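Shown next, in structure tokens, is the structure this report addresses.
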Amino acid sequence: MRYPPEPWHMQGTVVLSVFRVPRRLVPDDHLPVGARVITLAGNAFVAVAFVSYEPGSVLTYEELLVAVPVWDRGAVAVSVPQIWVDSEASRLGGRELWAIPKLLARFGEGSSIAGVAVTGGVSLPGRWRFAGPTAQRLDGREVRAHAAMSGRARLVRAGWMFPTGGPLGYLTGRTPLVSVAMDDMRLTFGQDPQAP
């Protein structure tokens, strides 16, 4: 197989910031039929995350993603409209297993997509856990899966740089509502066995 079978068990670090943006700026061709982006006063909440998956994961690579909360089949889910990885196996697996629109990219200085610098940090007590469904559509195929993540969280200051002409240019100049770094992050991602 060109990529590991699901579910994928991953570990590493993540930096995540939440932005408020006008709903009209958020792509929606990734949404299953009937799903809708959750909004407040015409705005959507967009999470941008840079993730480093480290040894101990089924694949080791780096990833930049955009995720939005959506209402799908009577419940809150997460959908990913934009995502880049530096691993061909991850790109193929994400697209073929879960209809996640992964594209290949190189990260680092001079990236045409985004850059982030993290400063400060206030540790939050305990180990934080998040779990829930994902909802995706790609090339006419709908897939619903399940994600479960845990880790040690810190509130940080994240300075994001989004080139104006790049695919995340709609975030240029926007200040995050909140930014969190997560260490010793563990993620399990795979098909929801209860999904049809």
Side-chain angles (χ1 to χ4, degrees), residues 1-10 12 14-40 43-53 57-59 61-105 107 113-114 129-150 166-168 170-171 182 185-196:
M1 183 175 286
R2 296 166 294 173
Y3 46 80
E6 59 180 328
W8 287 7
H9 299 288
M10 314 294 287
V14 59
V15 176
L16 180 147
S17 296
V18 177
F19 297 83
R20 182 176 58 218
V21 301
R23 166 64 184 91
R24 60 182 172 77
L25 299 181
V26 180
D28 57 10
D29 56 353
H30 61 287
L31 294 175
V33 174
R36 60 178 175 82
V37 174
I38 294 173
T39 60
L40 179 63
N43 292 305
F45 295 91
V46 171
V48 181
F50 185 78
V51 189
S52 179
Y53 296 112
S57 305
V58 296
L59 292 172
Y61 61 96
E62 294 186 328
E63 176 176 86
L64 175 69
L65 66 93
V66 173
V68 294
V70 301
W71 189 253
D72 179 55
R73 293 184 170 180
V76 176
V78 170
S79 194
V80 177
Q82 296 170 289
I83 181 170
W84 297 265
V85 297
D86 62 1
S87 160
E88 175 63 11
S90 174
R91 185 191 76 84
L92 282 173
R95 298 177 76 91
E96 294 182 7
L97 291 173
W98 307 301
I100 296 174
K102 292 187 178 185
L103 300 172
L104 283 178
F107 303 114
I113 303 171
R129 291 176 172 80
F130 307 91
T134 62
Q136 296 291 142
R137 179 166 59 92
L138 182 66
D139 298 331
R141 185 170 62 99
E142 297 185 0
V143 179
R144 291 168 175 85
H146 185 81
M149 182 175 69
S150 69
L168 299 181
Y170 62 94
L171 296 173
M182 188 170 284
M185 182 271 293
R186 305 298 171 104
L187 170 69
T188 298
F189 197 100
Q191 182 69 33
D192 184 347
Q194 296 180 348

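The structure presented is a predicted model; accordingly, all values stated were derived computationally and were not measured.
- R137 and L31 make their closest contact through NE-O, 2.6 Å (heavy atoms, listed as atom of the first residue, atom of the second, distance).
- Of all the heavy atoms in R144 and P32, the pair that sits closest is NH2-CB, 3.2 Å.
- Scanning all heavy atoms of the two residues, the minimum distance from Q82 to P167 falls at NE2-O, 3.1 Å.
- For the pair M185/Y53, a side-chain contact is recorded, criterion being any heavy-atom separation below 4.5 Å from C-beta on.
- Looking only at side-chain heavy atoms (C-beta outward), H30 and S79 come within less than 4.5 Å of each other.
- A donor-acceptor pair under 3.5 Å is absent between the side-chain atoms of N43 and the main chain of R20, judged by distance alone.
- At a threshold of 4.5 Å between non-hydrogen side-chain atoms, the residues L97 and F189 do not count as touching.
- A salt bridge links K102 with E63: the closest approach of a Lys/Arg side-chain nitrogen to an acidic carboxylate oxygen falls below 4.0 angstrom.
- Minimum heavy-atom separation, V80 to P101: O-CD, 3.5 Å.
- Considering only heavy atoms from C-beta on, Y61 stays 4.5 Å or farther from E88 through its side chain.
- Residues satisfying the side-chain hydrogen bond (donor to acceptor under 3.5 Å, both in side chains) criterion with T39, sequence neighbours excluded, are absent altogether.
- The closest donor-acceptor contact from the side chain of R23 to the backbone of A44 lies at 3.5 Å or more, if one exists at all.
- Atom CZ of R91 is separated from atom CZ of R2 by 9.0 Å, given to the nearest 0.5 angstrom.
- Within the 4.5 Å cutoff, side-chain heavy atoms of W71 are placed close to those of V76.
- Between L104 atom CG and S87 atom OG the span is 8.0 Å, to the nearest 0.5 Å.
- Atom-to-atom distance recorded for L187:CG and M149:CE is 7.0 Å, nearest 0.5 angstrom.
- Note that NE2 of H9 is 12.0 Å distant from CZ of R186, once rounded to the nearest 0.5 Å.
- Smallest separation of non-hydrogen atoms from V46 and V66: CG1-CG1, 3.4 Å.
- For R95, there are no side-chain hydrogen bond (donor to acceptor under 3.5 Å, both in side chains) partners, not counting sequence neighbours.
- Residues L168 and W84 form a side-chain contact, since some pair of their non-hydrogen atoms from C-beta on lies under 4.5 Å apart.
- Within the 3.5 Å criterion, the main-chain N or O of G34 finds no donor-acceptor partner in the side chain of R73.
- E142 places a side-chain N or O within 3.5 Å of a backbone atom of V33 that can act as its donor or acceptor partner.
- Residues V58 and M10 have side chains in contact (heavy-atom distance under 4.5 Å, counting atoms from C-beta outward).
- When all heavy atoms of A147 and T134 are compared, the closest pair comes out as CB-CG2, 4.4 Å.
- The shortest side-chain heavy-atom distance between L64 and F107 falls under the 4.5 Å cut-off.
- In this view, W8 satisfies the side-chain hydrogen bond (donor to acceptor under 3.5 Å, both in side chains) rule with no residue, not counting sequence neighbours.
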